[in-house]
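The structure under discussion appears below in the form of structure tokens.
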Amino acid sequence: MYDEKYDVVVIGAGHAGCEAAHAAARMGLATALYTMNADLIAQMSCNPAVGGIAKGHLVREIDALGGIMGLVADQAGIQFRLLNTSRGPAVWSPRAQEDKAGYRHVMRGILEQTPNLFIKQAEVTEIVFADGRVTGIELLDGRRVQSQTVVLTTGTFLNGLIHIGEKQFPAGRNGEPASIALASCIRAAGFNWGRLKTGTPPRLDRRTVDLSVFEPQYGDSNPTPFSFRTSTSLENKICCYVTHTDEKIHDVIRRNMGRSPLYSGQIQGIGPRYCPSIEDKVVKFRDKDRHQIVLEPEGVDTHEIYVNGMSTSLPIDVQREILSKMKGLESAQMIRPGYAIEYDFVQPTDLSPSLETKKIRGLFLAGQINGTTGYEEAAGQGLMAGINAGLKVTGGEPLMLGRGDAYIGIMIDDLVTKGTNEPYRMFTSRAEFRLNLRIDNADTRLTPIGRRVGLVTDRHWDAFVERQGRLGRLRQAIQETRVDTAHSFFLSRSLEFRDRPGIASLLRRPEIRLEELIREGVLATEVLRREDIVSAETDIKYEGYLKQQDKEVEKLRKAEAKRLPDDLDYSRMPGLSREVAEKLTRVRPQSIAQASRIPGITPASLSIVLFHVEMLRIRSHSESAVQ
């Protein structure tokens, strides 16, 4: 007997859960978002920032599809920087410091205003399923809620265990209870699970820190928004501060390494390779005599400062000693100590590319439960899980982005095809087609898809159409305009040309920038956003490379179109080794292209699979003809 009924239930209101719940509700489905503490919706458990290298790409893509992380980050942001601008536009990536309390407030406001979405404060203890299909959930107080689909986004709460030196205690985050009963339910369901670890640094009281001795790190004078829908100017409200560790601090860490849970054997889970603790940095990078530390204010109305770069699980007295030996922090008081946390995760090869579990139909997983780390990775998965949960309810085909479509597609393909044994983090180097997957063209790639599934509002769509119109007119002007080489812009730079060259040919020269041509009046245009200019210029400067990548993307799409039946018995295919058959059976690739990305699957193995599939097709065709 069920007490309530919804189309979609989302468990967990972190960054994945918020996107999943918003997406399903925007699609017109009755959606319930369950959290143990409604006051901590979208809590930034670690650093008070959104974006960064590749992560900024994910946020742009989430926004383009109709998600909300970019909008919230722009509204709650207090310092904005565009990273990697010394390199090509393919790897430019926005990052913003956020007001932690403001971020929660803005996110909850958007969720509260979303039709069909109901926020619930309760602990979910069990996922109810029958005949291999989810039917609902059960709460700690005994209530049962019926649902056609469930999206599980538990973060670090599944059997969470916090470590501070020799002390350890169950928690999902410091001060919040772990989810023990739900973890037991997931394990009992037969998923392949493991343990991962992540950590966080101490937080300091700004009033006890001498900021005058640190190097200031300012925001950009012309901030780049995350959201294509942000029309107002962004404002930098705070400054961050940079310093470094030194050998005195490293000596303290080495002297106390035996008290670190990481090195005493107390922690069993594997930590993030690309965001190591301060202990790991000292041990694994012995050639480095210093490591960067950035002091990041957690808001405009708080004294709390996040010590980025000093994640640690060392005892509190050792953390104090480390701080006391850092110039400017000699008298610093900790508001909260750093700690490490271990938690359960499900091996993502147990999922299909739609993020639906293979064992239980209608159950979708997103975020750290899939072995990822980072707000942005979680939000991207949450968005896709919410969309696909909604499509499952309505009977639509699942939405699956390819590696040539989006960083979100790359992330999900990596997870469900290769699995992970350490916290997965997105990097631009994971993308085969980086030049195609830029932040400036995320809307061109993805907004029509978001519109098709029902996430993109009329207002969002109108803004998209308007921008496409601006870009079209700009590109036409570039192709049609020829320049007067006597213009002061060219004379002052001693540039010489034959005849009257076109703007397009000029832009192929690395020293010529479209922004300068417009500013100096060489090319007359309507009022444009900087990203419009960057998008048009990139398409021209890298035209040859883009055409080549387009061919490669098309080749990949054709390989993806070679679908593999779900019920293939790889163990009975002559010529396949037992190891290859086991890998193919575990992952159940949906296409030859996906199968080719499974580690250890050789071209020879793929040929055997293709031959077997073709024989099945011929046999089926023959039997149909006889009938």
Side-chain angles (χ1 to χ4, degrees), residues 1-42 66-68 107-155 157-158 179 181-182 185-186 189 351 354-357 359-367 369 378-379 381-396 398-399 453-455:
M1 187 68 180
Y2 288 99
D3 298 277
E4 296 179 68
K5 180 180 179 180
Y6 296 95
D7 296 315
V8 179
V9 159
V10 179
I11 303 172
H15 304 279
C18 289
E19 292 290 350
H22 175 264
R26 278 284 308 134
M27 294 168 72
L29 301 168
T31 304
L33 174 61
Y34 281 86
T35 174
M36 286 195 277
N37 188 342
D39 293 329
L40 295 178
I41 288 174
I68 49 178
M107 179 66 81
R108 180 157 184 181
I110 291 176
L111 296 180
E112 294 274 16
Q113 295 165 24
T114 302
N116 309 309
L117 178 54
F118 304 88
I119 296 172
K120 306 283 186 174
Q121 180 167 301
E123 181 178 349
V124 178
T125 56
E126 186 175 350
I127 297 170
V128 183
F129 51 92
D131 300 322
R133 184 178 183 84
V134 71
T135 59
I137 60 171
E138 187 168 309
L139 308 179
L140 181 63
D141 58 22
R143 285 178 294 161
R144 287 163 70 91
V145 179
Q146 186 177 359
S147 180
Q148 297 184 58
T149 56
V150 171
V151 183
L152 190 58
T153 68
T154 49
F157 280 73
L158 287 183
S179 188
L182 187 56
C185 173
I186 295 300
L351 308 177
S354 68
L355 297 181
E356 184 179 21
T357 66
K359 294 182 183 294
I360 303 175
R361 299 188 305 279
L363 176 61
F364 296 78
L365 309 186
I369 191 173
Q381 293 171 71
L383 177 65
M384 297 305 293
I387 290 172
N388 284 318
L391 291 171
K392 184 86 174 180
V393 173
T394 60
L399 174 62
V453 297
L455 263 65

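For the single chain, residues carry numbers from 1 onward in sequence order.
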According to side chain to side chain contact (heavy atoms under 4.5 Å, CB included), who are the partners of [X], at least two apart in sequence or on a separate chain?
X	result
Val134	Ile127, Val150, Ile360
Lys5	Gln146
Ala16	Thr153, Ala366, Ala378

Under the side-chain hydrogen bond (donor to acceptor under 3.5 Å, both in side chains) test, which residues partner [X], sequence neighbours left out?
X	value
Ser354	Ser352
Tyr6	Glu4, Lys120
Arg133	none
Glu138	Arg144

Qualifying side chain to side chain donor-acceptor pair (under 3.5 Å) pairs with a residue from residues 385-394, counting only residues at least two apart or across chains:
Glu356-Lys392

Step by step, would you call Thr31 with Val10 a side-chain contact (heavy atoms from CB on, under 4.5 Å)?
CA-CA 7 Å; Thr31 304; Val10 179; 4.3 Å; yes

[X] (side chain) donor-acceptor with [Y] (main chain) under 3.5 angstrom:
X	Y	answer
Asp7	Leu29	no
Thr135	Val128	yes
Gln121	Ala38	yes

Not counting sequence neighbours, list each pair that qualifies as a salt bridge (Lys or Arg N to Asp or Glu O under 4.0 Å) and has a residue in residues 19-38.
none

Nearest heavy-atom pair of Phe364 and Thr149: which atoms, and what distance?
CE1-CG2, 4.2 Å

Closest non-hydrogen atom pair, His22 against Gly66
CE1-O, 3.6 Å

Output, in order, the C-alpha distance, side-chain angles, deciding distance and verdict of side-chain contact (heavy atoms from CB on, under 4.5 Å) for Ile369 and Leu152.
CA-CA 8 Å; Ile369 191 173; Leu152 190 58; 3.5 Å; yes

Sequence neighbours left out, cut at 3.5 Å: what donor-acceptor pairs do the side chains of residues 111-118 make with other protein atoms?
from   : atom 1 : to     : atom 2 : distance (Å)
Glu112 : OE2    : Arg108 : NE     : 2.9
Glu112 : OE2    : Arg108 : NH2    : 3.3
Gln113 : NE2    : Gly109 : O      : 3.4
Thr114 : OG1    : Ile110 : O      : 2.8
Asn116 : ND2    : Ala25  : O      : 3.1

Could you check Leu182 against Leu158 for side-chain contact (heavy atoms from CB on, under 4.5 Å), going step by step and ending with a plain yes or no?
CA-CA 7 Å; Leu182 187 56; Leu158 287 183; 4.2 Å; yes

